[in-house]
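All of these numbers come straight from a predicted model, not from anything done at the bench.
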Amino acid sequence: MLIAGIDVGSVNTKVVLYDADAGEIRAFLVTRTGMNPKKQGEKAFNQCLRDAGIEMTEVKEVVATGYARHALHFTTKVVTEITATAWGVRYWHPSCRTVIDIGGQDSKVLTLNEEGGVDGFQMNDRCAAGTGSFLEFIARSLEIPIEEFGRLSLSSQRPVLLSSLCVVMAESEILSLVAADTPREDIIAGLHQALAARVVNMAARLEIKPEVVFAGGTALNEGMRVALERTLGLPVAVAKMPMLVAALGAALLGSAEDNHP
């Protein structure tokens, strides 16, 4: 029995085909969402099926999540990102009690109970600061590939303390630092520390407990993981396949409902 989970995010669309009988992922795909999430969601789903050699008739449920989850007309169910993320992370990290998810346009922190249910969450979806898109914006300003951010920041000896995380003001401040010959690694390390502090402050009302798992595309940035670890004072593990957790969680939710007596 195949269940599809589709996470239509603001930046990337992720598809997971989950084999509920075997308890494993059969196929997955990650692609840019672009300007038409409805069209891209359907295109990504069909492409994942073709790449895996699977017919649409073999898929029993199609569960959507993400900011554009209601735009897809071919799904059988929609679920929130919060619930899908919790289910996806716990699949690979059963002892997880805290999830930090930094995506393209939002960041969120979830606390989970021992059974994996969501105890509480805090979310930033109104300000670009603290998101993956903000890091990409600064990377373009510095003319550094975003893939190099983590490596560079880890070599920093003196992280710069940034005074603002407003997108426009931060760019201006960073360009002034560049003009003053401040080492790029110190600028990036300072940026990571400032973003980590913002995320942790956002979650101040939550009780952060280990195991802490870092999900979302930004989790692939090792410098950001280290900054979160230092700010929290707790070990932070990167989720297995961090970009896929919500799509996997959506598929798992479809599978659970289908198997409910």
Side-chain angles (χ1 to χ4, degrees), residues 7 9-11 14 65-67 69 78-135 150 159 161-162 164-167 170 190-250 252-253 256:
D7 175 14
S10 57
V11 175
K14 290 78 69 177
T65 191
Y67 97 103
R69 59 187 179 275
V78 296
V79 296
T80 69
E81 296 170 69
I82 300 299
T83 304
T85 297
W87 276 62
V89 169
R90 288 284 291 220
Y91 178 82
W92 279 311
H93 305 270
S95 61
C96 173
R97 298 295 298 276
T98 304
V99 181
I100 298 174
D101 185 328
I102 302 180
Q105 295 289 346
D106 65 39
S107 56
K108 45 189 173 283
V109 179
L110 290 63
T111 53
L112 311 180
N113 57 35
E114 292 182 358
E115 291 73 39
V118 178
D119 267 348
F121 72 91
Q122 291 290 319
M123 185 172 184
N124 163 40
D125 59 357
R126 298 180 182 275
C127 175
T131 68
S133 293
F134 178 64
L135 283 173
L161 179 63
L162 298 178
S164 174
L165 279 182
C166 167
V167 174
L191 177 63
H192 285 157
Q193 287 190 7
L195 292 182
R198 186 182 181 93
V199 170
V200 172
N201 287 339
M202 177 186 70
R205 296 180 181 180
L206 303 175
E207 186 178 1
I208 306 299
K209 297 180 180 179
E211 178 185 8
V212 181
V213 176
F214 189 13
T218 308
L220 298 172
N221 180 332
E222 176 64 7
M224 191 68 217
R225 185 200 67 78
V226 170
L228 285 169
E229 198 167 71
R230 289 171 176 168
T231 304
L232 283 172
L234 292 171
V236 175
V238 174
K240 183 176 180 181
M241 303 178 78
M243 293 183 73
L244 295 179
V245 292
L248 172 61
L252 292 170
L253 284 159

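- In this structure, Y67 places its OH atom where more than 12 heavy-atom neighbours from other residues, nucleotides or ligands lie under 6.0 Å away.
- Listed by chain and residue number, nothing satisfies the salt bridge (charged side-chain N to carboxylate O under 4.0 Å, His left out) test with R97 (two or more places apart in sequence, or in another chain).
- Contact between D7 and G66 at its shortest, heavy atoms only, is OD1-CA, 3.4 Å.
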- Query: Going through the distances and angles, do T111 and E207 end up as a side-chain contact (heavy atoms from CB on, under 4.5 Å)?
  - Reply: CA-CA 7 Å; T111 53; E207 186 178 1; 5.6 Å; no
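- Residues that satisfy the side-chain contact (heavy atoms from CB on, under 4.5 Å) test with A237, not counting sequence neighbours, are E211.
- By the side-chain contact (heavy atoms from CB on, under 4.5 Å) test, L220 is found to be paired with P242, M243, residues two or more places apart in sequence or in another chain being considered.
- Note on residues 219-238: pairs passing salt bridge (charged side-chain N to carboxylate O under 4.0 Å, His left out), not counting sequence neighbours, are E222-R225, R225-E229.
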- Worked check of side-chain contact (heavy atoms from CB on, under 4.5 Å) between L248 and W92: CA-CA 10 Å; L248 172 61; W92 279 311; 3.6 Å; yes
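- Between S133 and G104 the shortest heavy-atom distance is OG-O, 2.6 Å.
- Put simply, CG on L110 and OG1 on T98 are 9.0 Å apart, with the number rounded to the nearest 0.5 Å.
- Closest approach of I208 to A203, counting heavy atoms only: CD1-CB, 4.3 Å.
- Here salt bridge (charged side-chain N to carboxylate O under 4.0 Å, His left out) pairs that include residues 79-91, with residues two or more places apart or in two chains, are E81-K108.
- Scanning both residues, G216 and D101, for their nearest heavy atoms gives CA-OD1, 3.6 Å.
- Closest non-hydrogen pair, T218 versus I102, comes out as OG1-O, 3.2 Å.
- Once rounded to the nearest 0.5 Å, the distance linking CG of L252 with CH2 of W87 reads 7.0 Å.
- T65 places no side-chain N or O within 3.5 Å of a backbone atom of A246 that could act as its donor or acceptor partner.
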- Stepwise, does the side-chain contact (heavy atoms from CB on, under 4.5 Å) test hold for L135 with H192? CA-CA 9 Å; L135 283 173; H192 285 157; 4.0 Å; yes
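- Residues that satisfy the side-chain contact (heavy atoms from CB on, under 4.5 Å) test with V200, not counting sequence neighbours, are T231, L232.
- The shortest side-chain heavy-atom distance between V109 and V99 does not fall under the 4.5 Å cut-off.
- The heavy-atom pair separating G150 from N221 by the smallest distance is CA-OD1, 3.2 Å.
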